[in-house]
Amino acid sequence: VDLEGQVLGRHRGIVHFTIGQRRGLGVSAPRPLYVIRLEPATARVVVGPRRALLRDHVNLRGVNWLGSGEPPTRQLRVSVKLRSAMAAVPAILVCDGSAAEVILDEPFAAVAAGQACVFYDGESLLGGGWIMRQEAAAKAGRRVAAG
């Protein structure tokens, strides 16, 4: 389906798709389409333009703090990796127990729920957590970026 819920085609299971995927969607459109989100409860693959993939805010659960002392309750300047092979990007981190908010300096495309977000101070690993779905973060009362 597109972002408005219009059915564009049928698929053989959401297991065959990943956030940010462009090829192999099985639909044609005048502009490139990307997988924006997967909705397991309804088996929907939501597609849209690349700009709809951009997020400047990431919510985490299951945070494991490895830095010295207690996790920061105030804003802490860090660099983060949202994918294992990517270069770290600048962000602000605020922890709240086993949850955290990451505010990216620049929007990043294809942030995938269930993947790890790892934060650093230079070369020193500070910790990490699991990226939450935007809908789950909203239900938990966490701020969620538009887009």
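Heads up: numbering here begins at 1 and tracks the sequence.
The two residues I131 and A116 come nearest to each other via the heavy atoms CD1-O, 4.0 Å. Residue T73 comes nearest to V94 through the heavy atom pair O-CG1, 3.8 Å, listed as atom of the first residue, atom of the second, then distance. When all heavy atoms of F17 and V45 are compared, the closest pair comes out as CD1-CG2, 3.7 Å. For M86 against K81, the heavy-atom pair with the smallest separation is O-CE, 3.2 Å. Counting all heavy atoms, side chain and backbone alike, L60 lies closest to C117 at CD2-CB, 3.6 Å. Residues A99 and V63 approach most closely at C-CG2, 3.8 Å, considering heavy atoms.
Taking the side chain as every heavy atom from C-beta outward, V46 and V35 never approach each other to under 4.5 Å. For the pair E101/H57, a side-chain contact is recorded, criterion being any heavy-atom separation below 4.5 Å from C-beta on. Taking the side chain as every heavy atom from C-beta outward, S79 and P90 never approach each other to under 4.5 Å. Side-chain contact between L104 and V102 is present, with at least one heavy-atom pair separated by less than 4.5 Å. Here the side chains of V47 and V1 are not in contact, with every heavy-atom distance at 4.5 Å or above.
Atom CH2 of W65 sits in a crowded spot, with more than 12 heavy atoms from other residues, nucleotides or ligands closer than 6.0 Å.
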Donor-acceptor contacts under 3.5 Å from residues 105-112 side chains, at least two apart:
| residue | atom | partner | partner atom | Å |
| --- | --- | --- | --- | --- |
| D105 | OD1 | R77 | NH1 | 2.8 |
| D105 | OD2 | R77 | NH1 | 2.9 |

Please tabulate, one pair per line, all N/O donor-acceptor pairs under 3.5 Å involving side-chain atoms of residues 20-28, not counting sequence neighbours.
| residue | atom | partner | partner atom | Å |
| --- | --- | --- | --- | --- |
| Q21 | OE1 | T18 | N | 3.0 |
| Q21 | NE2 | R23 | O | 2.8 |

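The hydrophobic cluster containing V118 does not contain I19, counting ILVMFWY residues as joined when their side-chain heavy atoms lie under 4.5 angstrom apart, directly or transitively. No chain of hydrophobic side-chain contacts below 4.5 Å, direct or via other Ile, Leu, Val, Met, Phe, Trp or Tyr residues, connects Y120 to V89. Side-chain heavy atoms closer than 4.5 Å link hydrophobic residues (I, L, V, M, F, W, Y) into clusters, and following such links, even through other members, never connects I36 to V15.
The CG atom of L8 sits 5.0 Å away from atom CG of D2, with the distance rounded to the nearest 0.5 Å. The CD atom of E39 sits 9.0 Å away from the CD1 atom of I14 when rounded to the nearest 0.5 Å. Summarising the geometry, atom CG belonging to L33 is positioned 14.0 Å from atom CZ belonging to R50; distances are rounded to the nearest 0.5 Å.
With D96 contributing its side chain and A100 its backbone, the two residues share no donor-acceptor pair below 3.5 Å.
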Practice prompt. Please report the C-alpha distance between R37 and L3 in whole Å, then the side-chain angles of each, then the deciding distance to 0.1 Å, and finally whether the side chain to side chain contact (heavy atoms under 4.5 Å, CB included) criterion is met.
Written response: CA-CA 10 Å; R37 71 179 175 273; L3 290 170; 4.2 Å; yes
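Remark: V78 pairs with L76, V80, A91, L93, F119, L126 by the side-chain contact (heavy atoms from CB on, under 4.5 Å) rule, at least two apart or across chains.
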